[in-house]
Amino acid sequence: MTLLTVAALLCALVPGVAAWWSGRQLLARRDDAALPELLWHRRSRLTSVAALAFALIVFVARGALLPVAIALFVVALFVGSYPARRALRGETWSLGAYLRSSLGRVVASAGFFIGLALAPQIVLAVPPGAAPWVAGALALILVVWARFVVPFWLRVHGATPIADHPVGAGLVPRFAAIVAASRAQPPETYRIGRPGERLVGAFALPSSGSRPAAVAFGDSLLELLTPDEVVAVFAHEVAHLEHFTPARVRRGFIASVFLAVAAVTLPLAVRAAQPASAWLVTIAWPLVVLLALALRAGRSKANELASDRRAAELCGDPEAMIRALVTLHTALQLPRRWSADAERAATHPSLANRIRALRAAAAATGSLGEPVVLRSTKPGTFVVLDAARVSVLAGVPDGTPLDAAALRDHAGSIRADAYEQLVELRVSAERGARTLVATDRAGATWRVPLEPADVRAAQAALDVVDV
């Protein structure tokens, strides 16, 4: 076994070990009021570790070692994530069932792009005489994959018609009313999920017109939401189908065919013209695929907000949409508020921004009643959240009553920021501390460490401040 082989296999194992170790630490804090923030921070770190490990695998692994290392990478990451996921979500399925389902979903959801990114490696790994045949077969597989990804996705997720679900009889006519008010063609509706799993989510699966589009609901989401909230979520997915028209889907398929052909012909052309430089294609092409994915993801965030507003129009109940979003984020243990950087990079807006946009469209507002006082771990420092602003009070003498007016009267200095001047106000759980973070429109940021016992009150107050 060569040194490069050992290095590739070790890189494949590192993300899984990191997921297992960080998961153990999280399980000891499952009652923490900042658990969603802790999970978000862990996910961010794991993403960085996994991305670096994957890049190293692609760089050092060659030939048959590459698919082996990638398979080990994926399996190790799922195995390492399993204990914490099972405990935090309350799932009961076995490791084997979890692995079979998760690996199948990776293939169904990302298999085309994984194959696209690795195509030059595969073509260059075979002898030159056989390379054109392998390239043609690989291109055909990728094109067929792109064409039939929706039925494959539904099969892997265990989809069954929602009419067969206990609540389906009452939902189907309400779904039909939403579709009748929309510009979308009637989609097929499904429930998805495996025994022992808690699948919380809803998905729009557009069509090119040759077969009906589909909307799929996780079975746990159907259990958690009221019928009004399920209808609001359906309206959101129908709004996506309005955006992803059959013509748009066909253009996307043509782009996929072009990428598949380019992925297999480019390495052949470079090897024929500059054999010594052919390996550069295996490095550059995955970056092209990542760039294409990033451009697609960048367009999805604005579409999410537009679909929220359209859903409120279609169902006539923006509060039902808000309740559904809150339930979804709570079940998935996602933070309501993200950092400005995370918000820019994410494919979906934060819950706080989605609620704010829905309430703004409905001209509904809320405000805090009495000011909320938060203690800091920094002596003599307090944070006050009132109806219009957040204030940081410093230099408060010991023994001052825990009252907003008294604290202001005795503070040595006060910094006050109106909410409308802030682009970010959230609780952070980085580096083991619980910190209130604020960033204004000029880009200036301040941080105040909070007493852990006050984090729950801070989160509840920020839920109101968000809107």
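Given the structure is predicted, the values throughout are model-derived calculations rather than measurements.
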Using 4.0 Å as the upper bound for N to carboxylate O, is an ion pair formed by [Y] and [X]?
X	Y	answer
R30	D32	no
R336	D463	yes
E197	R100	no
R434	D454	no

So, taking the atom named [atom1] in [X] and the one named [atom2] in [Y], what distance separates them when rounded to the nearest 0.5 Å?
X	Y	atom1	atom2	value
E229	E319	CD	CD	10.5 Å
R447	E430	CZ	CD	6.5 Å
S307	E242	OG	CD	8.5 Å
L328	R323	CG	CZ	14.5 Å
F244	N303	CZ	CG	5.0 Å

(request) Output all residues satisfying ring pair (Phe, Tyr, Trp, His ring centres under 6.0 Å) with Y190, sequence neighbours left out; order by chain, then residue number. (result)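 Ring pair (Phe, Tyr, Trp, His ring centres under 6.0 Å) check on Y190 returns nothing, list empty.
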(request) For W93, enumerate each residue passing the ring pair (Phe, Tyr, Trp, His ring centres under 6.0 Å) test, keeping only those at least two apart in sequence or located in another chain. (result) Y98
(message) Quick check on side chain to side chain donor-acceptor pair (under 3.5 Å): which of R309, E304, R310 does H236 satisfy it with?
(response)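 Per the side chain to side chain donor-acceptor pair (under 3.5 Å) rule, the option paired with H236 is E304, out of R309, E304, R310.
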Non-hydrogen side-chain atoms of [X] and [Y] separated by less than 4.5 Å:
X	Y	result
V448	T381	yes
V384	V390	no
R415	W446	yes
W20	Y82	no
S350	R337	no

(request) Determine yes or no for a side-chain-to-main-chain donor-acceptor pair under 3.5 angstrom, with T435 supplying the side chain and V437 the backbone. (result) no
